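In what follows, a structure is listed as structure tokens, so that the remarks can point back to it.
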There are 2 protein chains.
Amino acid sequence: MKPKPTASELEILQILWNLGPSTVRQVHENLEGKNGSGYTTTLKLMQIMAEKGLVLRDERERAHVYRPVSEEQETKGRLAGDLMDRVFGGSAAALVLGALSAKPASPEEIDQIRRMLKEYERSRR
Amino acid sequence: MKPKPTASELEILQILWNLGPSTVRQVHENLEGKNGSGYTTTLKLMQIMAEKGLVLRDERERAHVYRPVSEEQETKGRLAGDLMDRVFGGSAAALVLGALSAKPASPEEIDQIRRMLKEYERSRR
DNA sequence: TAGTGTCAACGAAAAGTTTCGTAGGTGTGT
DNA sequence: ACACACCTACGAAACTTTTCGTTGACACTA
């Protein structure tokens, strides 16, 4: 139903979430330097994303305007949940531990996670 | 340097981590029912994984014995770190929040994360 | 010895991803 | 009007992933 964006598609989605609805040119300029690929590559990717239903295209202007179909939080959440299920047996604690072992976190970051958990609990209640 | 395993390759790695060094037949039997693909598919995947350096192959017996090159924790950590960087701007708290929003956690699971964080801090000191 | 079962190797098909070149249309400025 | 810049569309190449059929080797057994 909901196709999972590839790595390249995700880069484009992140830009669209940041900028809001954008043309290929705008996305491409925000992408440049980062990956160095050409304009038509970005164009083609965004066309494919429209085919897949990852983005919607407004063709009223000559330079078509693209916008993401799914919310940033929802998409990112699905990606995190997918990894959690596939790799960490569905355990959030295992996912966190894995992430921390890959990139050690400072005490401040640990506290930040704690605050986030508290906030999460409060909103859940 | 270190190739990232695909989803299918990861399934095989998980089995190898569980069973220890195994033949294609053993892996395939553990995989069956889950994905329903044939024996030669599993074989080919494992051969490719050997080419990529994801597994090592002991060819002394007729039924070759495969074992993972990287430790389970290290590989899973790299996958979590990769998602954290690519999707959550390197923030562990954002990753956790994303995972929780995808699959709400019970109070017990939240406590489990808290205990894990405490343990992590202790080992870091 | 002839048949049966298991194994690795190989090739190849089908689908998906990433990349870019080229063609054709539209608008702007000189 | 002509040249130039910019836009989409299209096709195709190169690569990866996933799948499976076929082949040939080896071993066991009736």
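Every chain is numbered from 1 and lettered A, B, ... according to where its sequence line falls, protein lines coming before strand lines. All of these numbers come straight from a predicted model, not from anything done at the bench.
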**Carboxylate-amine/guanidinium contact B:K4 B:D82, below 4.0 Å** = yes
**Message:** From CD of B:E51 over to P of C:dA9, roughly how many Å is that when rounded to an integer?
**Reply:** 10 Å
**Prompt:** Roughly how far, to the nearest 0.5 Å, is CG of B:D85 from OG of B:S91?
**Reply:** 10.5 Å
**Prompt:** Would you say A:R25 reaches D:dC6's phosphate, i.e. side-chain N/O to OP1/OP2 under 4.0 Å?
**Reply:** no
**Asked** Looking at DNA chain D, which of residues 54-68 of chain A put a heavy atom within less than 4.0 Å of it?
**Response** A:R57, A:R62, A:A63, A:H64
**Prompt:** Is the closest basic N to carboxylate O distance between B:K52 and B:E9 below 4.0 Å?
**Reply:** yes
**Message:** Using a strict threshold of under 4.0 Å (side-chain N to carboxylate O), is an ion pair present between B:E72 and B:K76?
**Reply:** yes
**Fill in**
When rounded to whole Å, the NZ to P distance for the pair A:K34 and C:dT19 reads 14 Å
**Asked** Between B:Q47 and C:dA9, is there a side-chain N or O to OP1/OP2 distance below 4.0 Å?
**Response** yes
**Complete:** A correct 5'-to-3' footprint of nucleotides 17-23 of chain D, with B, S and - meaning base, sugar-phosphate only and no protein heavy atom under 4.0 Å, is SBBBBB-
**Item:** Short N-O contact, A:R114 and B:E121, less than 4.0 angstrom
**Value:** yes
**Item:** Side-chain ion pair, B:E109 and B:K103, N-O less than 4.0 Å
**Value:** no
**Message:** Quick check: closest heavy atoms across A:P104 and A:S101, and the distance to 0.1 Å?
**Reply:** CD-O, 4.5 Å
**Message:** Taking A:E11's backbone N and O only, do any of them form a donor-acceptor pair with A:Q14's side chain (distance below 3.5 Å, no angle check)?
**Reply:** no
